[in-house]
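Worksheet for the structure shown next.
Every heavy atom of this structure was used, including side-chain atoms; hydrogens, water molecules and symmetry mates were not. Keep in mind the model is a prediction, meaning the values are calculated, not measured. Proteins get letters first, then strands, A, B, ... in listed order; numbering begins at 1 in each.
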Number of protein chains: 2
Amino acid sequence: MIKKIEQQFLQYVKKMMSYNEAISLMYWDLRTGAPKKGVEQRSEVIGMLSQEVFKMSTSEEMAAFIAELSPKHAYEQLSEVARHTLEECKKEYERNKKIPADEYKEYVVLQSKAESVWEEAKAKADFSLFRPYLEKLVEFNKRFINYWGYEGNPYNTLLDLFEPGMTVDVLDQVFGKLRERLVPLVQEVVASPHQPETSFLFHPFPKEKQRAFSLELLQELGYDFAKGRLDETVHPFAIGLNPNDVRITTRYDERDFRTAIFGTIHECGHALYEQHISEKLIGTPLCTGTSMGIHESQSLFYENFIARHYSYWKRNYARLQQYAPEQFSDVSLDAFYRAINEAKPSLIRIEADELTYPLHIMVRYEIEKQLFNGEIEVKDLPEIWNDKYEEYLGIRPHNDAVGVLQDVHWSGGSFGYFPSYALGYMYAAQFKHAMLKDLPHFDELLEKGELTPIREWLTERIHQFGKTKKPLEILRDATGEALNADYLIRYLEEKYKTIYQL
Amino acid sequence: MIKKIEQQFLQYVKKMMSYNEAISLMYWDLRTGAPKKGVEQRSEVIGMLSQEVFKMSTSEEMAAFIAELSPKHAYEQLSEVARHTLEECKKEYERNKKIPADEYKEYVVLQSKAESVWEEAKAKADFSLFRPYLEKLVEFNKRFINYWGYEGNPYNTLLDLFEPGMTVDVLDQVFGKLRERLVPLVQEVVASPHQPETSFLFHPFPKEKQRAFSLELLQELGYDFAKGRLDETVHPFAIGLNPNDVRITTRYDERDFRTAIFGTIHECGHALYEQHISEKLIGTPLCTGTSMGIHESQSLFYENFIARHYSYWKRNYARLQQYAPEQFSDVSLDAFYRAINEAKPSLIRIEADELTYPLHIMVRYEIEKQLFNGEIEVKDLPEIWNDKYEEYLGIRPHNDAVGVLQDVHWSGGSFGYFPSYALGYMYAAQFKHAMLKDLPHFDELLEKGELTPIREWLTERIHQFGKTKKPLEILRDATGEALNADYLIRYLEEKYKTIYQL
């Protein structure tokens, strides 16, 4: 009896996931080359299917599955996949059911309106246009927190949306430590007389050659082209339709090859995660990365710990020189390595280097936390933002477009998302530390282009599980300890003290 | 009250059409570049959504809509779009409901099995492998005809699936006439001492240049790239996701530029049809071509009546020469025109020229008709096929791969489809004749590249209506008369007597 309900439940969920796969493909298509005039109708189709998935996730049928399968005697008979699936569906059901339907509808309308207002406000560098929308978005989210409830800190509930189990207590501790060490390090780097020469980075580098080089690197990194493809978009992304179809996109800047090369490798890290989730999770909500932070740990592992590593370029620099001989023939490997690792405080998060990046996140984390704790108000954000940039990075935005208005996230109502970026970075450093115990010749592997053992290490401990393990569980099982900021701090200190001869 | 049900009905149908749009995009993606290893899972998703659409088309809800909206008092209150939509849904409902579910399931399994057996049989040129499957497919279709009923001739029911309203009586008459005149014309052409020189057609012509030239031609033909895109596939096709997103694909043969150029223009004809269906039909089953034959009339109009016309090349030959100067610099426009219009009996339908093409269709039409009238049996097909080729085209297939096994259609259970190809050709010739009354300077328009009036003529009389008009209604309204084979006969006789100096 229970077994039969379990089967029906999994079938029901599989249908929802099929719809999601169709939606994802439509999304990918819209981004990569769908005809412009078809966008409106396609958006309607996406809306129609999304609505259907939402309905199914909150239907009476779903309620009945939860009611029948959750009691102990039933739950114990379920397969492991069914148990985790049930947990996910229950969480989703409760989250969605607790918000009154009318209120949610109003919120969806507000979101889409806010995003276009934000675009305008950013174009005009005028926060006052966006302010009333941001205020409403914050208000809505405060109400949602009340509906959903919270433990310890209201902001925890938002963190949990992106990083299940993460709390303000943990973040305050690790981010505090990180900030304490990074702010002075950045100051030292800025003051160093040993600044890298970078002018040669900005020579013209034809798109076609960048693409060819990217494809070669992807191949070596282990990205499986029989399970994916590389396309071009304004904003690069990776998207997993299922583990056998994980696509990435990149952007080519003919005046700065780093955009495409490091961007592609970053997305490759995301893609390798999705390509190696266990196939037995296909058709369930478990068949994706376990959290934004763990996902980002994989992309940053590949972008920073592999592709910004000296040994990686010891192997690949000669190849790059072949693709752009005029640009690099007179540049030594050492000079190249220092140039691609230049660190310099800047205003825009997405253009930041690996050293200063976490400080951009600190600013956002603190502002969000204080907003949802009622310690600051939306109207004061521009000034708070600018003050924090001055304090942490030593530079002050000259207008809101390059300040508080720079990111799209808040306009879509995404609060609690930003910390994942810095968390991912810390996870990555901690994974790297643990990996060295099993693969002590890590540097040599990079130098030889033998990247399979590295990818396999990650698959065995992280990728395969999809959402069946929570982020902090993954971290603990893979590294043997709780979240620890020291590894990232040590990595950055060692690396940048060497480069800047501090 | 009725108005409210009408609205619910249209909303219900819109959802089905949304699913269909998602399915079409997934289909396009599978053909144009989806990662290989993802195909299986994607096919499952397509299956899941298709099943949903099928369920909706035969649901109790659909039955209730039909019951409530069909009675005269209700029907009369409906909008025109709702009326036609209801008709389509009713037809579909009855067709699907009349076949017992189990039987249909068995048929679907047979279809997919038969297709792979056909592939093998074709590869081995061995009809005996395919024969038992073809026998079963024919048996199933005979039973379906009994379930659905028929008027006049059992085969009419199959014709109606692809060409609503078309009958054996009409086809016997027009095809008979066509065959009677074409067979001797082809014989004269073969015997003519004035055969065109064609060797220069087969020079290497790089793909990139073919693509650039194709894009230029598409632009001039009026294909709207803001509503479409051109990709590459093994088997070219056009697909309308909605009128604002109609994509085409082509194939490049570097040793024969005609494949891509004429193929692209052919698909462009299909695409122009779909791009110009009235937007008010979006979200209904009316938002597509009215029949296979009318669709084919548009592709053949562009491929043959425009792109194989002397005036078209008077305008475009110099451009082509620029793309491949070595290949064409010594070839006169006249020699080029004769070469691209070479007519020669051949065994393979899809490689046939415009003169012999209809005879390939005759063979298939007669075989299908006789099969479903019980006049011949599957086991005798290879010989009947070969005899007919010898009779009509003067050549005899040396094996079944280039004979009765060449087409995929029957392996998928598509009987009644083939006649559309020849019908489309006759429609096109008849449209051309009617168009000349309104656009007497047709040749001059081609010469000047002024193709808009031609496209507008077709849109006004054909494209815009989608499925709201039946094929023979379109034909009658556009040309003022019933189907008439004379126009095609006259076109072919005039053209080929000139080219071959008969």
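Between A:Leu25 and B:Asp29 there is a side-chain heavy-atom pair separated by less than 4.5 Å.
For residues 15-22 of chain A, a heavy-atom distance under 4.5 Å to chain B picks out A:Lys15, A:Ser18, A:Tyr19, A:Glu21, A:Ala22, given by residue number. Listed in order of number, the residues of residues 266-282 of chain A that approach chain B to under 4.5 Å between heavy atoms are A:Ile282. Within residues 37-46 of chain A, the residues that have a heavy atom under 4.5 Å from a heavy atom of chain B are A:Lys37, A:Gly38, A:Gln41, A:Arg42, A:Glu44, A:Val45, listed by number.
Residue contact with chain A, scored on non-hydrogen atoms closer than 4.5 Å, involves the side chain of B:Met48 exclusively. Heavy atoms of B:Gln51 lying under 4.5 Å from chain A are absent altogether.
In the displayed structure, B:Gln8 atom CD is contacted under 6.0 Å by more than 12 heavy atoms of other residues, nucleotides or ligands. At most 12 non-hydrogen atoms from other residues, nucleotides or ligands lie less than 6.0 angstrom from CD of A:Gln7.
In terms of modelled atom types and a separation under 3.5 Å, the side chain of A:Arg229 and the main chain of B:Pro35 share no donor-acceptor contact.
The salt bridge (charged side-chain N to carboxylate O under 4.0 Å, His left out) check on A:Lys3 picks up A:Glu6, with sequence neighbours excluded.
Top candidate by heavy-atom pairs under 4.5 Å with chain B, chosen from A:Asp245, A:Val246, A:Asp224, A:Ile23, is A:Asp245.
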